[in-house]
Structure formats: structure tokens, C-alpha cells
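What follows is a short report on a single structure.
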There are 2 protein chains.
Amino acid sequence: MAFTPERGTRDRILEAAEASLGQCGYHGTRLQQIAERVGIQKASLFHYFPSKEHLYHAVVDEWFDETERTIRRVLEAEGSPLQKVRRLIETYVDLVATHPDLTKILLRQSLGDAPDGYQPKPDSQRLLAAIVTLITDGQQARAFAAIDAVALVLGVMGMVTFFFTSATVLGPPWCGDIRGASHVERVKRHVIQLVERCLTPERGDLNLAVA
Amino acid sequence: MAFTPERGTRDRILEAAEASLGQCGYHGTRLQQIAERVGIQKASLFHYFPSKEHLYHAVVDEWFDETERTIRRVLEAEGSPLQKVRRLIETYVDLVATHPDLTKILLRQSLGDAPDGYQPKPDSQRLLAAIVTLITDGQQARAFAAIDAVALVLGVMGMVTFFFTSATVLGPPWCGDIRGASHVERVKRHVIQLVERCLTPERGDLNLAVA
DNA sequence: GTCTATATAGGGATAGAC
DNA sequence: GTCTATCCCTATATAGAC
């Protein structure tokens, strides 16, 4: 799956769509542009996908499913809550850093950039809830400090996402290759350390109760 | 300026455009929709703005300028680096929480959602650089730990931005009124505490060198 | 300054040859 | 399965009356 020397046209379309949708958004993406990237005529796209909207869903759904599977695998693996949190961060950073265009598409979707009659599936909420539960369980077991779990999870998502999407526009003058392997590893350590400091129960000044 | 009982049509157009652009993005926004919100005919818009692109710029530029002025005022005020960092976070959270649509527009812009020939002004990079300098100055004075300043600033921006834009879609099931005053104050404390923990030089385990 | 009517372009989608 | 040609609608923008 990682090594695909012979890709069919359908896969090349999906790949081109991923790039266009990520960089231009759904409404900003032109089928013309996708066709050009693939090297075929615009009309040929309709042999593989009945509409622009179907193509969008093919890209988004497939990626969301893979993301969900990956995250759930981490959640269900053996280990302490803290170990799971660490692995979760590492996994999420890898997902985002290696697939910036797909990440942009999902981020855009959360901003409301999607086909006209679209409404977000509850799947993303379920997944998020599962992660929040990991934190709150750890809190009930007195392993984590009592900070706002939802805020923490959403905040970390936003931090990592922003760093590998928007920041590539705002930041390049300083940070060189923001997606280089060494940089990605540094971000992982950065975020893990930050989250650990938030969840460490000692130093009693954690006055952010859950409710 | 905060209290404007008599708004002209131009201002009402800007306000309607802000909502549409934030919720639908530049390419997803229809002038028809803006006109409806204002309660005028589509063609009347062109009496105030020569094109959709000009209207977009009127909205974005004005808000970016106000944001920059506000942030710079904090940067230039008296106080220790740590006090400035605290005020910076409070100010930014207020800006974002009270203007979610404008925040979405800027976030979208950083993702590449803008008029066709658009290229981002270097202003945002200058502003970001000024904030980063505040951190690195504090680090050279040994007041802050030697963590990656760029990553910290971008991360906090992403965290706060995401929390008040995308999270309103993903999170509402749990967090009730995410923009309520009490919630906003809680986010401020949350982020300030988080950043302080990152910048505190003690506990020598800060192994994230700048370079 | 706001309207109705219309011009013009561009992009999604279809038909049908090869 | 890919192409050319074309349909058709929508959206920006303009013209000109009131």
C-alpha cells in the first residue's frame, strides 16, 4: 500500500484532487485544474466520479476513515493513560505532517468549506469524545491533573494542525523545512512535553476544574 | 466606535460580508447572499465596492490592521517579558473570541483561500516576528526556558484560533456556550498557564534547544 | 442610491464519436 | 477509457431608468 509503482488513473485523480482541494478549498477547486494535474481532459473525470461532490467525498471519507482507524488503534492498545497520550500525539503529528493537504481539507471542512448541502458526520465527534474520555478517565484515577480535557484535546489538535498547514505560509522565513524529519520529531517532543506539564497533578496550582 | 446606532449601508455590507466570508470562504460566498443579508439588491453592492475582490480586501485589511495595532500596543507597553506574554494571550483570546468570523477569514487566508491572484502580505510575518522576538529576548535574558519560540507562538495561535472557530463545530455537544464570558476567561487562564509552564526555566529538563 | 434588466464568462456536467 | 464538442446554469459585473 505504501509502495504503489503502478497507479491507476483513478488513484492519480484522487491524488490530484487531494492537492487541489487542500490548496484551494472545495469551491476554489476547478475540475479543469485536477484534470491538468493528471494529464487528461476534464470530461474524462466523469468516467470515474459522477460529480465533483462525489470526488470530494471519495477523498475526504477515505482519509477520515484511515485517520479514525489509526487513532482508535492507539486508543485500544495496551499501556497506561500517559503512554497512550504520548503515542496519540506522536501518531497525530505523523498523520498531519505527512499529509498536509488532507489535513487542510479536514480543517477547511470544520470551517464550513464543503459541498453545498453538506453537514458534518457525527463520526468526528465520536472520535474526539473517545480521546476526551481517555483524559477524563485518567483524571478520575488521579493520574492526571483536573484541567479542562476538552480544551486540552481541541487545543492540541489546533496547535499541531495549524503548525503544519497555516504556519507553512506564515513561518517559512525562519523555520527552514518545516516538514523535515528532524523538525517533525522536535514538534512531537515539544507537544508531548507541553501536554505532560498540563496533566502532571503535582504543584497543586491547577485551578481549572472540569465543570 | 463600539457604539454605532446609525450605521450606513456601507457598514452593513461590510458586516454581512464578514459573516458570509467567514462561514463560506471567499469562493463559497455569493454576492447574492450578502445582498440578502443587507436587504438590498445584488447590483447595489457595486455602488460601494467595485468588485467582490475589493470587498474582500476591505474586510480583511481593516481587520488585520486593527489586529496588528492592538497586538503592537501590547508589545510596546511597559512590563516584564512575562507580563507582556500574559497580556498578549489575553488580548489575542479576546480578539478571536469576539470576532470568530473575521478569525475564520484570516485562518482561511493562511490556508490559501483568497481571491485568485492573491499573495499574502508580509505584514503578518513581521507581526509574528515581533512576537517571537519578545520570547527570544526573554530567553537571552535567561528569564525564559530555551524552547522553540517559533513553535510556541505558532502553536498558541493555532490552539486559540482552532478553539474558537473549528471547535465550535466539533465540540458543542460537550462545551455549552463556547463563547460565553466565563468560558473565554477559562480559556485565557488555561493558555496562560500552559505557556508559563513551557517558559519556566526551572526543572532543567527543557531539552528543546532553539537550533 | 437603489432598482430592473442584461451582458459575459466560467465551470460543472452530458452526448456521442473513436 | 479517452477524447471533442456542447449544453446549461450560475455568478460576477454592467447599463441605464427612476
Side-chain angles (χ1 to χ4, degrees), chain A residues 4-61 105 108-109 111-119, chain B residues 4-61 105 108-109 111-119:
Chain A
T4 51
E6 295 280 355
R7 274 167 310 136
T9 305
R10 199 192 127 97
D11 289 331
R12 305 204 357 253
I13 293 173
L14 284 169
E15 198 177 340
E18 172 188 326
S20 284
L21 290 171
Q23 290 155 24
C24 309
Y26 180 77
H27 295 286
T29 290
R30 308 282 108 114
L31 294 182
Q32 175 77 20
Q33 187 187 16
I34 295 175
E36 278 170 9
R37 283 191 206 243
V38 178
I40 60 176
Q41 288 302 309
K42 189 176 55 164
S44 304
L45 296 173
F46 290 89
H47 179 73
Y48 297 92
F49 302 94
S51 73
K52 183 182 179 182
E53 188 168 346
H54 280 81
L55 174 55
Y56 173 83
H57 275 110
V59 173
V60 166
D61 291 351
I105 295 173
R108 287 196 144 99
Q109 196 179 77
L111 291 172
D113 184 28
D116 278 344
Y118 182 86
Q119 47 189 7
Chain B
T4 50
E6 295 280 355
R7 275 165 309 135
T9 305
R10 199 192 127 99
D11 288 332
R12 305 201 2 251
I13 293 173
L14 284 170
E15 197 176 340
E18 173 188 327
S20 284
L21 289 171
Q23 289 156 24
C24 309
Y26 180 77
H27 295 285
T29 289
R30 308 282 107 114
L31 294 183
Q32 175 76 20
Q33 188 187 16
I34 294 175
E36 278 169 11
R37 282 192 207 244
V38 178
I40 58 176
Q41 288 302 308
K42 193 177 47 168
S44 304
L45 296 173
F46 291 90
H47 178 74
Y48 297 92
F49 301 95
S51 73
K52 182 181 178 181
E53 187 167 347
H54 280 81
L55 174 55
Y56 173 83
H57 275 110
V59 173
V60 166
D61 291 351
I105 295 173
R108 286 197 146 98
Q109 194 179 77
L111 291 172
D113 184 27
D116 278 345
Y118 182 86
Q119 47 189 7

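Here is how names work: the chains are called A, B, and so on, in the same order as the sequence lines, proteins then strands, and each is numbered from 1.
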Starting at atom [atom1] of [X], determine the distance to atom [atom2] of [N], rounded to an integer number of angstrom.
X: A/Tyr26; N: C/dG11; atom1: OH; atom2: C1'; answer: 12 Å
X: B/Ile34; N: D/dA13; atom1: CD1; atom2: P; answer: 11 Å
X: B/Gln32; N: C/dT4; atom1: CD; atom2: P; answer: 11 Å
X: A/Glu36; N: C/dG10; atom1: CD; atom2: C1'; answer: 14 Å

Comparing A/Leu31 with B/Gln41, nearest DNA chain C nucleotide closer to 5' gives the residue B/Gln41
Assert: residue with more 5' nearest nucleotide on DNA chain C, out of B/Gly39 and B/Asp116, is B/Gly39
Side chain of [X] - closest among [options]:
X: B/Ile40; options: C/dC3, D/dT2, D/dT14; answer: C/dC3
X: B/Ala43; options: D/dT12, D/dA15, D/dG1; answer: D/dA15
X: B/Lys52; options: C/dT2, C/dA13, D/dA13; answer: D/dA13
X: B/Ser44; options: D/dT2, C/dT2, C/dG12; answer: C/dT2

Side chains of A/Gln109 and A/Tyr118: any donor to acceptor distance under 3.5 Å?
yes
task = Check whether any side-chain N or O of B/Arg108 sits under 3.5 Å from a backbone N or O of A/Gly25 as a donor-acceptor pair, and report yes or no.
result = no
dist A/Lys52:NZ -> A/Arg30:CZ (nearest 0.5 Å) comes out at 6.0 Å
(Q) Let's test your reading of the model: under 3.5 Å, does the base of C/dG12 pair with the side chain of A/Lys42 as donor and acceptor? (A) yes
Problem set entry | Any B/Thr9 side-chain N or O less than 4.0 Å from OP1/OP2 of C/dT2 | yes
B/Ala114 and B/His27 have their tightest heavy-atom pair at O-NE2, 3.3 Å
